[in-house]
K.L.:
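Have a look at this one before I ask anything.
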Amino acid sequence: MAEPVRTTCPYCGVGCGVLAEAGADGTVAVRGDPDHPANRGRLCSKGMALGETLGLHGRLLTPEVNGRAVDWDTALDTVAAGFRAAIERHGPDSVAFYISGQLLTEDYYAVNKLMKGFVGSANVDTNSRLCMASTVAGHKRAFGADVVPGCYEDLDTCDLAVLVGSNAAWCHPILHRRLEAARARGARIVVIDPRRTATCDSADLHLALRPGSDVLLFNGLLAHLVRSGAIDGEFLSAYTKGFADALAAAERDAPDLDAVAAGCGLRATDVARFFRWFAATERTVTLFSQGVNQSSQGTDKVNAILNVHLASGRIGKPGMGPFSLTGQPNAMGGREVGGLANQLAAHMGFDDPADVERVGRFWNAPAMAAKPGLKAVDLFQAVAEGRIKALWIMATNPAVSLPDADAVRAALAACPFVVVSDAVRATDTTAHAHVLLPASAWGEKDGTVTNSERRISRQRALRPSPGAAMPDWWQVAQVGRRLGWGEAFAWRSSADIFREHAALSAFENHGTRAFDLGPLAGLTDAAYDALEPVQWPVRALNGEIGGTARLFADGTFVTPDGRARLVPVRVKRPAHVVSVEHPFILNTGRLRDQWHTMTRTGMVPRLASHTDEPFVAIHPDDAAEQDLTDGDLAIVAGPPGRAVLRVRVTGDQAPGTLFAPIHWSRRFASEGGVGPLLPAATDPVSGQPELKHGPVSVRRWAPAWTGFLVGRADVVPDADWWVGTVRDGCRVTLLAGDAWPADLEGWAARLLGGEARLDLHDGGRGVHRWARLDGDRLEAVLFLGTDGPQRPCDWLVARFAEPSVPAEERPWLLSGQAPSGATGCGRVLCACWNVAEARVRTAVEAGLTTVQEIGAALKAGTGCGSCVPEIKELIADARHDVAA
Ligand code: SF4
């Protein structure tokens, strides 16, 4: 093993440090960096599996034009010609970029400079619009700049942590472990979420408020702080403006505690307890995430939270403050360079003409954009209407992740010129590309990312990019040069870009902008390479470069008069509400072990096995009313489109609400995506889409047959419904159909990839099974039936990891069970250590009664800890059974 490379996890906004060691055999071993302040050596299940995502299967390794492999010059000339033609004929606003919080800051910077300084259009938006835009808008309204005032240490030292719209146990697991540690030393945790999530297992109070009623709750809290004398009058009068108006608005919505409880659908005693704890606890941190942001009232929700912290003076001091949990690894880095269509680089904006002039002068830009560009939803609407003639998409999958996703697909299909830069060849979005550009992936890229606490960390390359893959910034620079701006895009390395970015942040920044990397502008290549994690604003003191843990403790904000603003916010109806046709509210979110549209995590068998198919969670009463039982398939339909999902009946779901995960694309399932269900409603201030509140209907789908295909090939089956999962050495695809295929044998042979060697048919019972072997090696197995089984047993799947199947075992291939009689099709409970749920059950049945005992015996729960709630549940179930 070579020396480990210090780098950063490419998934969520926690920004964990990673030590990666490349082995001589090409494998990469990954562990947490004990010296990185974000994670201190810990990683969650996704981070632990990073080494398993580095294979070349499915990678895009060559540029392509109209499906034909070409060299880089041809591809880049084609891109430049396509953009030039559109700009010349239709003007700069006829071209656009849609980029990603997965990009490095240097990539982001290059795109923004090209578009906003040289093309002359601000039509650059990013999938961070789907993630953080409401927080950006809320921060700017309150503080004058997009600044998270606190740091992760505040989570360790707080006495009360309030989590709003955040399932941190699954979505920010390493930070959740820090909160659990705080709770172990006496801090309280309150979770505010309509759904009972894994995060609630470590909470002292769960407020399962009515979806969309967050503003009412925090307005009620503001009014309560005033009534109980818990405001900081000195801070308010010295450092803020707008308190009286904010309070008046709050009191109109929330005249008393009973009105708040009734409006939020909560018990008055629970609301009173939360208010009492908040009022009495100086060291309070309020953490908020997508449940707040992804709303048609997201910006107001953010300001309702910021208002209570400003009113109580709890901001920027140790152990207290509002804290936005960033979804993506570099959403904040993207915002630093103006990644959103309404921003300019280095925290400057279009509101102030002096900013536009300053950035243009710094860049020596020939065509500075003077107005904001199109935000994500509007951008794709413009594509649909034919106003965008050339679109370049980087490192994101809008055909899956945007609301009204079927309309987005149609828009992409109709767009005259689509360029996609990606590391993966086949995604729902690359299917629409005229030009495909192979991008370097994690482990090959070199640059910086910024996490939720403003900490800039290096992502470092472990190995060269494979094939012809190149960094995204390089691709942009090459096109910039071809468009005639060679000098401005003459960077040789990501270090060159970082220095320019840092210099711009300090350019005529006389303390008027919080974002400042000035002391880093002169880094040598070696110093950039060795850069330690640092929080901006970066300062140089006595020759030493240092970061800033907290801002605003001195009461100085970044508004023109230096005062923070309390913003009056009122309760509003969500953009779309339930109706007779769509009587349920659909909430969407992430799963523990998957990331975004699964292009990377979906290739890791142990990550796929915790939850291997898209589902819809429903309350037992609603399920009974809709004639649904656990395990049924259901058609979930919203105004724009539908999905077919497995039913999970659970009391964790509030009556009248459903939950479905966001991860499934058409690459993994026929109709598993939630994007098509959600109307494209947005917050009027931030433009962030409402992804957590869509009206839908749900009804049972009773297919004529179900079954599964297990095979070595990546077959996309011609079936009414299917879901595919990667397993060790094979792909398992669950299948269902409305009617039996007319030519059953021919259809089966196509799925099996050839003629079956073994088959079994019982027409009377509607059972049909086939197995294809190549010599002694098992190639594919297909089971169909009117009455299951719906999944392969573990023994059958394990045969695909073997080079041959012994003759005595072959009769069992079509039996649905192992020679031992075992029929289990177990899932992995602990993805960090690959521990199956069945092993934990056995350990519990054998008498282990605590999470610690299970951890000592099996290691389950000792990695990121996000499976601990499920282990506790298994232990509780066993106790319940014994008691019964
Ligand atoms: S919490 Fe997990 S996904 Fe997020 S940065 Fe850390 S290891 Fe990566």
Side-chain angles (χ1 to χ4, degrees), residues 4-20 28-54 100-104 131-132 151-152 155 163 166-181 198-199 202 287 289-290 323-333 441-443 445 448-460 533 589-604 606-607 610 661-663 830-833 861-868:
V5 173
R6 290 181 71 197
T7 184
T8 311
C9 176
Y11 295 122
C12 82
V14 179
C16 295
V18 170
L19 293 179
V28 173
V30 158
R31 63 197 152 92
D33 180 352
D35 296 326
H36 198 289
N39 57 318
R40 299 173 189 154
R42 287 196 166 123
L43 291 178
C44 78
S45 57
K46 296 183 284 291
M48 296 265 282
L50 271 168
E52 294 153 66
T53 64
L54 301 178
S100 166
Q102 306 287 125
L103 290 175
L104 304 183
C131 168
M132 303 308 306
C151 59
Y152 291 164
L155 279 52
L163 286 141
S166 159
N167 181 10
W170 281 16
C171 303
H172 298 91
I174 299 304
L175 289 187
H176 188 247
R177 291 295 292 267
R178 291 175 80 152
L179 289 173
E180 283 182 319
T199 306
S202 318
L287 303 110
S289 192
Q290 311 308 4
F323 202 104
S324 152
L325 292 172
T326 311
Q328 300 201 76
N330 200 29
M332 191 177 299
W442 184 86
K445 300 180 79 152
T448 54
V449 290
T450 309
N451 73 1
S452 293
E453 60 166 355
R454 292 174 278 103
R455 191 179 295 280
I456 297 169
S457 298
R458 291 278 279 108
Q459 250 192 40
R460 296 182 174 93
R590 289 185 178 151
L591 294 178
R592 193 189 76 182
D593 295 341
Q594 293 298 348
W595 181 255
H596 281 193
T597 58
M598 304 201 295
T599 49
R600 186 166 18 207
T601 48
M603 305 311 288
V604 181
R606 67 188 162 106
L607 294 183
H610 181 256
I662 60 171
H663 305 290
C830 172
C832 295
W833 301 112
T862 61
C864 72
S866 52
C867 63
V868 166

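For ligands, and for the atoms within them, numbers begin at 1 and follow the listed sequence. Each residue takes its place number in the sequence, starting with 1.
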K.L.:
Any side-chain donor-acceptor pair under 3.5 Å between His172 and Ser166?
P.N.:
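The answer is no; no qualifying pair exists.
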K.L.:
Hey, does Leu43 sit under 4.0 Å from ligand 1 if you only count heavy atoms?
P.N.:
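Yes, Leu43 has a heavy atom closer than 4.0 Å to ligand 1.
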K.L.:
Looking only at protein heavy atoms, which one is nearest to atom 1 (S) of ligand 1, and how far off is it?
P.N.:
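I find the closest protein heavy atom is Ile174 CG1, 3.5 Å.
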K.L.:
For Lys46, state whether at least one heavy atom is located under 4.0 Å from any atom of ligand 1.
P.N.:
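A heavy atom of Lys46 does come that close to ligand 1.
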K.L.:
Any idea which atoms of ligand 1 are less than 4.0 Å away from a heavy-atom of Tyr11?
P.N.:
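Going through ligand 1 atom by atom, the ones under 4.0 Å from Tyr11 are 3 (S).
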K.L.:
Taking only heavy atoms of Cys9 into account, list the atoms of ligand 1 that are under 4.0 Å away from them.
P.N.:
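Listed by number with element, the hits are 3 (S), 5 (S), 7 (S), 8 (Fe).
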K.L.:
Distance under 4.0 Å to a non-hydrogen atom of Pro173: what atoms of ligand 1 satisfy this?
P.N.:
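Checking each atom against Pro173, I get 1 (S).
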K.L.:
Quick check: do Leu591 and Trp170 have side-chain heavy atoms less than 4.5 Å from each other?
P.N.:
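A side-chain contact exists here, since the closest heavy-atom pair is under 4.5 Å.
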K.L.:
With side chain to side chain contact (heavy atoms under 4.5 Å, CB included) as the test, would you mind laying out the steps for Arg6 and Arg460 before giving the verdict?
P.N.:
CA-CA 7 Å; Arg6 290 181 71 197; Arg460 296 182 174 93; 3.7 Å; yes
K.L.:
Considering only protein heavy atoms, which is closest to atom 6 (Fe) of ligand 1, and at what distance to one decimal place?
P.N.:
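Answer, as residue, atom name and distance: Cys16 SG, 2.3 Å.
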K.L.:
If only atom types and distance count, is the side chain of Arg454 paired as donor or acceptor with the main-chain N or O of Met332 below 3.5 Å?
P.N.:
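No, because the side chain of Arg454 does not come within donor-acceptor range (under 3.5 Å) of the backbone of Met332.
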K.L.:
Where do Val449 and Asn330 come nearest, in terms of heavy atoms and distance?
P.N.:
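Minimum heavy-atom separation between Val449 and Asn330: CA-OD1, 3.2 Å.
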K.L.:
Which atoms of ligand 1 sit under 4.0 Å from any heavy atom of Gly15?
P.N.:
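Taking each heavy atom of Gly15 in turn, ligand 1 has 5 (S) under 4.0 Å.
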K.L.:
Hey, is atom 4 (Fe) of ligand 1 within less than 2.8 Å of some N/O/S atom on Cys44?
P.N.:
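No.
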K.L.:
Hey, does Trp442 have a side-chain heavy atom less than 4.5 Å from the side chain of Cys9?
P.N.:
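A side-chain contact under 4.5 Å is absent here.
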K.L.:
Any side-chain heavy atom of Arg31 sitting closer than 4.5 Å to one from Pro4?
P.N.:
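In contact.
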K.L.:
Which heavy atom of the protein is the closest neighbour of atom 4 (Fe) of ligand 1, given with residue, atom name and distance?
P.N.:
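Here the closest protein heavy atom is Cys12 SG, 2.3 Å.
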